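Step one of this worksheet: look at the structure below.
Side chains included, hydrogens not; waters and symmetry mates left out as well; all remaining heavy atoms used. This is a predicted model, so every value here is computed, not measured.
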Amino acid sequence: MTRFGVLRFPGTCDDDEALAACELVGDGVMLWHGDSDLQGVDAIVVPGGFSYGDYLRCGAIARFSPAMASVVEFARDGGPVLGICNGFQILCEAGLLPGALLPNIGLRFICHQADIEVEHADTPFTQACEAGELLSIPVKHHDGRFYAPPEQLEALEANGQVVFRYVGDAPNGSSNGIAGVCNERRNVVGLMPHPEHAVLPLHGSEDGLKLFASAAQVPAGV
Amino acid sequence: MRARILIRPKAGILDPQGIAVERALPALGFSGVANVHVGRLVELDVEDVSQLDAMCQKLLANPLVEDYEILEQSTHA
Amino acid sequence: MRARILIRPKAGILDPQGIAVERALPALGFSGVANVHVGRLVELDVEDVSQLDAMCQKLLANPLVEDYEILEQSTHA
Amino acid sequence: MSDTATPFRGQAIPGVEQAVALGLTRDEYALACDKLGREPNEVELAMFSLLWSEHCGYKHSKKLLRTLPTESERMVMGPGENAGAVDIGDGWVVAFKVESHNHPSAVEPFQGAATGVGGILRDIFAIGARPIAVLDSLRFGEPGSERTRYLLDHAVAGIGHYGNSVGVATIGGEVYFEAPYETNCLVNAMALGLARREDMIRSAAAGPGNALILFGATTGRDGIGGASVLASAELGEGEESKRPTVQVGDPFAENKLIECSLELLERGLLVSLQDLGAAGLTSSASEMASAGGVGIDLDVARVPLREADMAPFEIMVSESQERMLCVAEPARVDEVLAVCVKWEVSGAVIGEVTGGDALRVLQGGVVVGDVPVAALVDDCPLYDLAPEAPAAPLYDPPEATLAAGTSVRETLLALLASPNIASRRPLFEQYDCLVGARTARRPEQADAAVLAMPTGAGIAISIDGSGRRVAIDPYRGTIEAVLECAANLACVGGDPLGLTNCLNFGNPEKPHIAWQLSESVRGLGDVCRALDVPVVGGNVSLYNEGADGPIYPTPVVGMVGELPDPLAAGQLGFSREGDVVALVGWDATPPLAGSELAKLRGEPLPSELPATDIAEIAAVHAAIRDAVRARDLSSCHDIAEGGLLVAVAEAALAGAIGVRLTLDDLDEARLFGELPGGFVVSGDAAAIDRLEQRVALQRIGSVGGDALVLGDETWSLGELRAAHGALATLFP
Ligand SMILES: Nc1ncnc2c1ncn2[C@@H]1O[C@H](COP(=O)(O)OP(=O)(O)O)[C@@H](O)[C@H]1O
Ligand SMILES: [Mg+2]
């Protein structure tokens, strides 16, 4: 059974929800930012929230925590890592994912259900989806406008690193309507929408569970 | 004329960002840093520099909680 | 030593805050303003100024999307 | 002033003029001297002036509040504690309270609203409950005014900024726009928390010798405001800026403070816990001592400061945010401080509980203030109101924005686009309504927000209060506000458990304001007794007046109810082609007088509201509630501002499906009049038949198509949606 580690920082908000989602498909353990020991988990989720208050720049301070150093190692060894919202921002700041997340074009926080398209099913977090499948998952963020320099953006598209795209207009002004990307090796995935908030009937959509189920299929110790 | 406006939290006003940065730096191996404050920078081309102060008062800064400083620069290319 | 770091969005990157300010000014009766950009200001006391550049690279700015400029000032009281 | 009998040799005695400058009356100053047996020094006067203020002392409202019903088997904590709480079974308790932050928000709307949220959250976790939800209640002038748009935009941004990043879902709220709020806007925030009954804690200090620990943010000059008059002698020109009064909120610090406080309680390390709110250390320490019948010694030199050179009185009255005060046994102190370190919050022992009866303020061991706790807390003078019903109308007629005699078509569109009815989406989409993953009903899905509880059951929450209706008739208007909340709960299947309220009124020393206040509280008490709902807590905000007169009297009511199954909670949108649409409840034609339409037409406020039969309406609520719980209805929506046709249009918009109405009587009052107790429901024919066995109803149409059709009038969903989206222009 896949063991997920959910990494918690001061200011993280969606950690319990992420852990609960993991535990619907596997085992889960909460990891503390100050502890570099990842306890031998099979997959890492860096959840959403406002680590260090999002002060200075979203994710800028959190990326330097001892646990993040271990996550970088874990990712370099091919371990599956999912960054959700603030987690996505942290992974970008840490250089595990390309690009940066800038303030929403409307300069306001937005919270609503969004449709996103799964563009590639060949990542540890989308292998239970079909390419082209639509997922209904909420977005809730102030800094979700994905940006990468033009050449890099082309490369991302060319390499199929754009894993999720908003259907219709991006709510935040992201380049190419990008909602989520992966690294070249495809083991690290980040997205702004919150799959952990779409895993139960209570949430009105269970589409988000597919991301966690995907990772649960990963044989332990990859 | 290119102008720079530096906007910073008023002395005595809580500056959570400054505190967060000051706390973070030592962890990155930077020592001997103190008194960190984080504010905003506004840069603009303006024809009539005499308007700048009014702009800060009315829009760019929030005089209740922020101080501002206007730096003018040589005409902008 | 008191240092000021000016951080601004890299040229060519959409700056909605700058646009918003540029749009708001005429409504308040300010004309002849163009090229508005909004960035961040970090001010700090630092013992070893040679560390400043590394601080910016590592933490204070995100070189992918931001340019920074370090201004040093006379020793701080 | 002479310094007779002062134990503080050499210290200047500020004297009566300073006291008056700080807001005490001469009589109150004399009383304070009497209780003290001498004239207060600077520190003591600062403490008296704040604790004897209206805000802390409830001088004009306490006697009225005592008339409210505060009993029920389900109630775990009531008025007197930081927040009220009710039992929801399996050992779980829900805590809630609403509080105002009106004046700070009128000065600096972003920080004022943000710190309002921070403050009410602290009241929740001060009793050991984990904050799980926030609701906001806002009142501004008409959106035509630039100031209103500024206040609205910044207040909403401030609430979102704080609530979103502290990690508590903002699941609902309300906003009204009326001219009397132009200068004095209202920003009320309600918070809910969840606790295990055994983890709850009170604020009463106990155990002489126990340590007093201050933890959280450091202490600066935030919010010292009036009290800085004291030091103004030392204040040279230009130094004013050294004494900012605007409190800045730090949601990140609060997020850590919540986790730190709850971990301290989980580990059983605390004897008592109290938040720091208005009047900072002064009010927290004296309230803890008073509640516990003990004394407290507090050394300001041990308080972690943000600014070096703070005077003792400044430290005692500072309103720096994100701070908590607790009492712990000496043997536990190290563990307490270790938890603080873990959460990166500063913590310091600043004093101890004593066997005496005084709050003693020390500075490095030297006593700089010594006041009997009773004098500060219990001896605050309480005043009787001198109510007098106004002879002439108090408020000008609203400005007309709609001509008389408009067609039904125009009128519906005008109402849907009117600021008090248009969709609140541009506001609530700036709030994270999902964090915590308990949210079963979001804004605009249903009339009340619904949260799933660990017991498997759900709770429903609603907040309401139409100032204009209360201005017309304070007694009946307040009853209507409570009935509106109860109706919202019924629509999702909720049964009321308790009520909290914030009484926002003008200057109570004016007879007609006193009348509004006492009539309103009388109505609140009567309706709560009739519905058998206890008042578990609340807040009072008086002196809400601008140069242009008093605000509309605005009792904001927050109600919490329970429902067995959050997944069965009702929705307000029509959902199924062919469903029968029924009008439930009303037996009389609702009057136009005092309605939203009357406001748009600039009609003067009528002299009274129609009487309501609370028992009858409660029976309707019960019938609706049972039908919703039985999953009998496809949709359920109570009729409020704008009347029947607006309610039908809202149900169509929410469900994105049309409706054909078969009403024969197209009289304006019938379509747009307002009266409590009416509902628009939809369901299959059999379900509506079943409901009819319980309550009088009238079949008024059927669900289907992509337009609202009434006789030969047709409104496409598109044009209804366009009108309903009018507020978007306020958030460019
Ligand atoms: N309108 C009201 N109805 C019922 N209880 C109230 C009302 N106003 C204040 N209270 C109660 O009086 C006590 C003091 O209120 P307040 O000063 O706001 O508390 P705090 O200082 O903890 O915010 C609280 O227990 C509160 O619930
Ligand atoms: Mg309190």
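Both the backbone and the side chain of C:Q17 come within less than 4.5 Å of a heavy atom in chain A. With a 4.5 Å cut-off on non-hydrogen atoms, A:L56 touches chain C through its backbone and its side chain both. Using a 4.5 Å cut-off between heavy atoms, C:K10 makes no contact with chain A at all. Both the backbone and the side chain of C:L60 have a heavy atom closer than 4.5 Å to some heavy atom of chain A. Proximity to chain A involves both the backbone and the side chain of C:L14, based on heavy atoms less than 4.5 angstrom apart.
In the displayed structure, A:Q39 atom CD is contacted under 6.0 Å by more than 12 heavy atoms of other residues, nucleotides or ligands.
C:A20 approaches A:L107 most closely through the heavy-atom pair CB-CD1, 4.1 Å. Scanning all heavy atoms of the two residues, the minimum distance from C:N62 to A:A100 falls at ND2-CB, 3.9 Å. Considering all non-hydrogen atoms of both residues, A:Y147 and C:V65 come closest at CD2-CG1, 3.5 Å.
A distance of 6.5 Å separates CD1 of A:I105 from CD1 of C:I19, quoted to the nearest 0.5 Å.
Side-chain atoms of A:R63 never come within 3.5 Å of backbone atoms of C:L59 as a donor-acceptor pair (strictly under, hydrogens ignored).
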